[in-house]
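For reference, the structure discussed in these notes is given below.
Counting starts at 1 for both ligands and their atoms, in listed order.
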Amino acid sequence: MPDPMHFDRHAALYDRARPPYPDSLRDRLRQLGLLTPGRRALDLGAGSGQATRLLVDAGMDVTAVEPGPALADILQQRFPQVHVVRSTAEEYVPEPGSLDLVTIATAVHWFDLDRVLPSLRQALAPGGRVAVWRTVYGDTSVPPSLFRERVQAIADRRDAPARPGPDETETEAWARLLTAGGLFVVDHREELGWSIVLDADGIQALFTTFSDWSEAEAEQAAEAVRELGGTVVERYVTPLIVLAPAG
Ligand SMILES: C[S@@+](CC[C@H](N)C(=O)[O-])C[C@H]1O[C@@H](n2cnc3c(N)ncnc32)[C@H](O)[C@@H]1O
């Protein structure tokens, strides 16, 4: 099984190499009324703050929970106004009724949902929501680019351990898992497609941050970019699932 502390071991690289979430995500969260100044938000598995930033920029009162010490340090330095808690999502128990929004960005697959979801259900204030999203690196709904064919070939050659939970592309399976306990219902679900141009260094850095890629494999991916002309257009997807309390 991949190691959830992989990100912390590469904290500075993680911070530099992971692309930010697309503007369309921020727009949708706004349209859904989730980014409201003064409201109380909790970002679980915050990393170096890619999702935290959306909450801070919206003027929310933010707590961020991150177990990796190096990532938590980056987070606290970047956002002095955020209450950073060095903890796992399982160990952190927010006050009942104290939260208007919980965000879980590219992190839910690391959580023990049987422990985390009940405490989130209790912590939500009336009208509160849990927004779960991630980046899927590689849009499987479009024909693969030459680079994506090379990435697949690298992946096919190895015997990498699977990440926990359903496959990252299976948004419906994730929605079922998040609502299986009967505590939450799906309030909104969609998949936001976006693209980014990356060079060989960008690909090498990004792939090194993936918990199921070795450094040698990330170098092979970078070599593929060089052979394909030096840059590639990558098409990614951000599935978004917004949960409301059931009943
Ligand atoms: C792929 S990173 C995502 C970070 C950030 N949310 C983002 O969007 O860039 C996954 C994060 O989950 C954190 N994590 C892993 N297991 C966790 C747990 N049990 N509780 C809370 N966070 C966890 C890792 O330390 C890492 O920062």
(request) Could you check atom 8 (O) of ligand 1 against the protein and tell me its nearest heavy-atom contact, residue, atom and distance included? (result) Tyr21 OH, 2.5 Å
(request) Determine whether more than 12 heavy atoms belonging to other residues, nucleotides or ligands lie under 6.0 Å from atom CD of Glu172. (result) no
(message) Around atom CD of Gln31, are there more than 12 heavy atoms from other residues, nucleotides or ligands closer than 6.0 Å?
(response) yes
(message) Please list the nearest protein heavy atom to atom 14 (N) of ligand 1 with its residue and the distance rounded to 0.1 Å.
(response) Pro67 CG, 3.9 Å
(message) Just verifying a value: how many Å separate Phe79 CZ and Leu55 CG, rounded to the nearest 0.5 Å?
(response) 9.0 Å
(message) Which option wins on minimum heavy-atom distance to atom 21 (C) of ligand 1: Ala89, Ala105, Ser48?
(response) Ala89
(message) Among all protein heavy atoms in this structure, tell me which lies nearest to atom 25 (O) of ligand 1, with the distance rounded to 0.1 Å.
(response) Glu66 OE2, 2.7 Å
(request) Check Ala125 against Gly97 and note the closest heavy-atom contact, atom names and distance. (result) CB-O, 3.6 Å
(message) Could you tell me if the side chain of Tyr21 sits less than 4.5 Å from the side chain of Thr106, heavy atoms only?
(response) yes
(message) Test of understanding: given a 4.0 Å heavy-atom threshold, classify the contact between Ala46 and ligand 1 as side chain, backbone, both, or neither.
(response) backbone
(request) Identify which of Tyr14, Tyr92, Trp110 has a heavy atom lying nearest to atom 9 (O) of ligand 1. (result) Tyr14
(message) Going by the closest heavy atom to atom 10 (C) of ligand 1, which one wins out of Thr106, Asp43, Asp3?
(response) Thr106
(request) Going by heavy-atom distance to atom 19 (N) of ligand 1, choose the closest among Gln50, Glu91, His109, Glu90. (result) Glu90
(message) Taking CZ in Arg235 as the centre, count heavy atoms belonging to other residues, nucleotides or ligands within less than 6.0 Å. Is the count above 12?
(response) no
(message) Can you name the atoms of ligand 1, numbered from 1 with element, that are less than 4.0 Å from a heavy atom of Arg18?
(response) 1 (C)
(message) Please list the nearest protein heavy atom to atom 11 (C) of ligand 1 with its residue and the distance rounded to 0.1 Å.
(response) Gly45 O, 3.7 Å
(message) On a heavy-atom basis, I'd like to know which of Ala107, Ala70, Ala64, Gly49 is closest to atom 12 (O) of ligand 1.
(response) Ala107
(request) Compare all side-chain heavy atoms of Asp100 with those of Leu34 and state whether any distance is below 4.5 angstrom. (result) no
(message) Between ligand 1 and Asp8, can you find any atom pair, the residue atom being a heavy atom, that is separated by under 4.0 Å?
(response) no
(request) Check for a donor-acceptor pair, side chain of Glu66 on one end and backbone N or O of Gly68 on the other, with a separation under 3.5 Å. (result) yes
(message) Looking at Asp23, I want to see if its CG is surrounded by more than 12 non-hydrogen atoms of other residues, nucleotides or ligands under 6.0 Å.
(response) no
(request) Give the atoms of ligand 1, by number and element, whose distance to some non-hydrogen atom of Pro4 is under 4.0 Å. (result) 15 (C), 16 (N), 24 (C), 25 (O)
(request) Could you list the atoms of ligand 1 found under 4.0 angstrom from a heavy atom of Leu71? (result) 27 (O)
